[in-house]
2 protein chains.
Amino acid sequence: MLRLSKMADYGTQVMTYMARDQAVHSASEVSAGLGIAVPTVSKILKMLVRKNLVASVMGAKGGYMLARHPAEISVAEIIDAMDGPISITECSGTTTCERESTCSTRSNWQGINHIIQDALEKVNLAGMTQPKPQVVDTSALRTRGI
Amino acid sequence: MLRLSKMADYGTQVMTYMARDQAVHSASEVSAGLGIAVPTVSKILKMLVRKNLVASVMGAKGGYMLARHPAEISVAEIIDAMDGPISITECSGTTTCERESTCSTRSNWQGINHIIQDALEKVNLAGMTQPKPQVVDTSALRTRGI
DNA sequence: CAATATAGGACTAGTTTAGTCCAAGTTAGT
DNA sequence: ACTAACTTGGACTAAACTAGTCCTATATTG
């Protein structure tokens with residue numbers, strides 16, 4: 001299975017939860033709202049802060065809030081913050097694969113990666129808060145070779 | 001990182017290797033050709049046989065060959081054979097998530113999954129053997145909401 | 001019948017991941 | 001000034017998963 005880590009999954013849940021208003025939410029509040037253990041939520045929020053997706057307010061009455069408008073935060077960014085670069089294969093980056101010469105698949109993987117990256121960038125938090133999904137037109141993928 | 005398992009990666013390598021001709025290849029030959037250990041290649045080929053992507057010929061002079069034409073085998077099928085269903089989140093399937101009512105993100109994930117699935121289905125083995133990738137038109141994704 | 005393959009499954013070692021916990025720093029309110 | 005509520009950073013552990021190995025049985029060729 002082409003899978004997303006649980007952390008990235010939680011990350012989007014936490015972000016979606018906070019996207020509903022612009023208030024400051026404490027870790028314990030988010031934990032209660034989502035049914036995820038406090039330490040775990042806390043850890044996730046810390047990671048999101050480090051990537052500037054979430055702003056923190058320290059001290060009593062402190063907490064976390066989205067750093068930007070929900071419409072300006074993509075799912076791709078969240079996944080990237082939690083799991084690192086979105087890429088389906090390891091050889092897609094700068095790392096040189098020892099059998100690169102024989103590996104004709106590399107550039108194809110990069111094309112696939114690009115599609116996925118693009119798809120995830122187009123989905124933003126504002127869209128995630130809506131129950132109904134946007135209809136996706138995949139016909140263009142079909143007409144082109146990929 | 002949204003990642004593909006190493007097994008799925010190996011799987012596509014093995015399939016791409018065999019796609020170059022219609023000959024029967026033994027596990028040891030594929031192993032030598034790709035630089036992957038024999039038992040591992042053997043295991044991968046067995047999995048591919050089970051999913052009818054590869055046909056096996058038993059006995060001396062036996063080996064494996066593609067069950068269909070390279071153009072009729074998609075990367076999606078290979079990944080599915082190695083890793084199971086392509087799906088980015090666990091809640092995308094039939095399993096009912098206990099907090100489904102509060103989870104408005106579900107349908108959106110399904111949309112994303114669909115895009116990825118579709119993208120991978122459009123890439124076939126024949127394309128993978130070519131060094132240059134097909135140009136991908138992602139503009140349609142941009143015009144639609146996702 | 002001997003040599004060469006695949007078939008199937010059990011098994012192990014290693015890595016990754018999820019999750020917990022603790023000590024320190026920061027702010028609000030009294 | 002003090003205390004309570006909260007974040008920060010990092011260390012740590014337990015569990016799950018993955019990759020990879022190995023063994024025995026079966027089939028085919030010559």
Side-chain angles (χ1 to χ4, degrees), chain A residues 1-14 18 23-67 79 81-85 87-90, chain B residues 1-14 18 23-67 79 81-85 87-90:
Chain A
M1 182 173 69
L2 172 69
R3 82 159 210 280
L4 197 67
S5 77
K6 206 174 228 175
M7 284 290 136
D9 191 14
Y10 284 168
T12 54
Q13 284 192 57
V14 168
M18 294 203 296
V24 174
H25 305 272
S26 71
S28 57
E29 184 213 322
V30 176
S31 165
L34 293 175
I36 305 172
V38 176
T40 303
V41 171
S42 179
K43 181 184 182 178
I44 290 162
L45 284 165
K46 287 177 205 169
M47 295 173 82
L48 293 168
V49 167
R50 242 173 263 142
K51 291 286 184 168
N52 294 315
L53 293 177
V54 161
S56 65
V57 180
M58 292 184 79
K61 302 268 178 185
Y64 300 90
M65 58 192 301
L66 295 187
I79 294 175
M82 304 302 296
D83 287 357
S87 128
I88 215 172
T89 45
E90 286 167 30
Chain B
M1 181 172 74
L2 173 70
R3 83 158 209 281
L4 197 67
S5 78
K6 205 174 231 176
M7 283 292 136
D9 191 14
Y10 284 168
T12 53
Q13 283 191 54
V14 168
M18 293 202 297
V24 174
H25 306 272
S26 71
S28 57
E29 184 214 319
V30 175
S31 165
L34 293 175
I36 304 172
V38 177
T40 303
V41 170
S42 179
K43 181 183 183 178
I44 290 162
L45 284 165
K46 286 176 206 171
M47 295 173 82
L48 293 169
V49 167
R50 244 173 263 142
K51 291 286 183 169
N52 293 315
L53 293 177
V54 160
S56 64
V57 180
M58 293 185 79
K61 300 269 180 186
Y64 300 90
M65 58 192 301
L66 296 187
I79 294 175
M82 305 302 297
D83 287 358
S87 129
I88 216 173
T89 46
E90 287 167 28

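From a predicted model like this one, the values you see are computed outputs, not experimental measurements. In what follows, chains carry the letters A, B, and so on, assigned in the order in which the sequence lines appear, proteins first and then strands, with residues in each chain numbered from 1.
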Starting at atom CE of B:M82, determine the distance to atom P of D:dT18, rounded to an integer number of angstrom.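 Roughly 12 Å, once rounded to whole Å.
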Taking heavy atoms of chain B and a 4.0 Å limit, find me the 5'-most and 3'-most nucleotide of DNA chain C within that range.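 Contacts span C:dT4 to C:dT17, reading 5' to 3'.
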4.5 Å side-chain heavy-atom contact, [X] and [Y]:
X     : Y     : result
A:K6  : A:T40 : no
B:V14 : B:M82 : no
B:Y64 : B:E29 : no

Rounded to the nearest 0.5 Å, how far does [atom2] of [Y] lie from [atom1] of [X]?
X     : Y     : atom1 : atom2 : result
A:I44 : A:T12 : CD1   : OG1   : 9.5 Å
B:H25 : B:L66 : NE2   : CG    : 7.5 Å
B:M7  : B:D9  : CE    : CG    : 10.0 Å
A:M18 : A:L34 : CE    : CG    : 9.5 Å

List every contact pair, protein side and nucleotides 7-9 of chain D side both N or O, where the distance is under 3.5 Å.
unit_1 : atom_1 : unit_2 : atom_2 : d
D:dT7  : OP1    : A:A27  : N      : 3.1
D:dT8  : OP1    : A:S56  : OG     : 2.2
D:dT8  : OP2    : A:Y64  : OH     : 2.7
D:dG9  : N7     : A:K46  : NZ     : 2.8
D:dG9  : O6     : A:K46  : NZ     : 3.2

Set out, line by line, the N/O atom pairs under 3.5 Å between protein and nucleotides 13-16 of chain D.
none

Using modelled atom types and a 3.5 Å cut-off, is there a donor and acceptor pairing between side-chain atoms of A:S31 and backbone atoms of A:I36?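 Yes, A:S31 side chain to A:I36 backbone: donor-acceptor pair under 3.5 Å.
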No-H, no-angle donor-acceptor pair, B:K43 side chain to D:dG20 base, under 3.5 Å: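 A donor-acceptor contact between them is present.
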Chi angles and distances behind the side chain to side chain contact (heavy atoms under 4.5 Å, CB included) call for B:V54, B:K46: CA-CA 9 Å; B:V54 160; B:K46 286 176 206 171; over 6 Å; no
Over all atoms of both residues, closest heavy-atom pair of B:A81 and B:L53: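 Nearest pair, atom of B:A81 first, then B:L53: CB-CD1, 3.8 Å.
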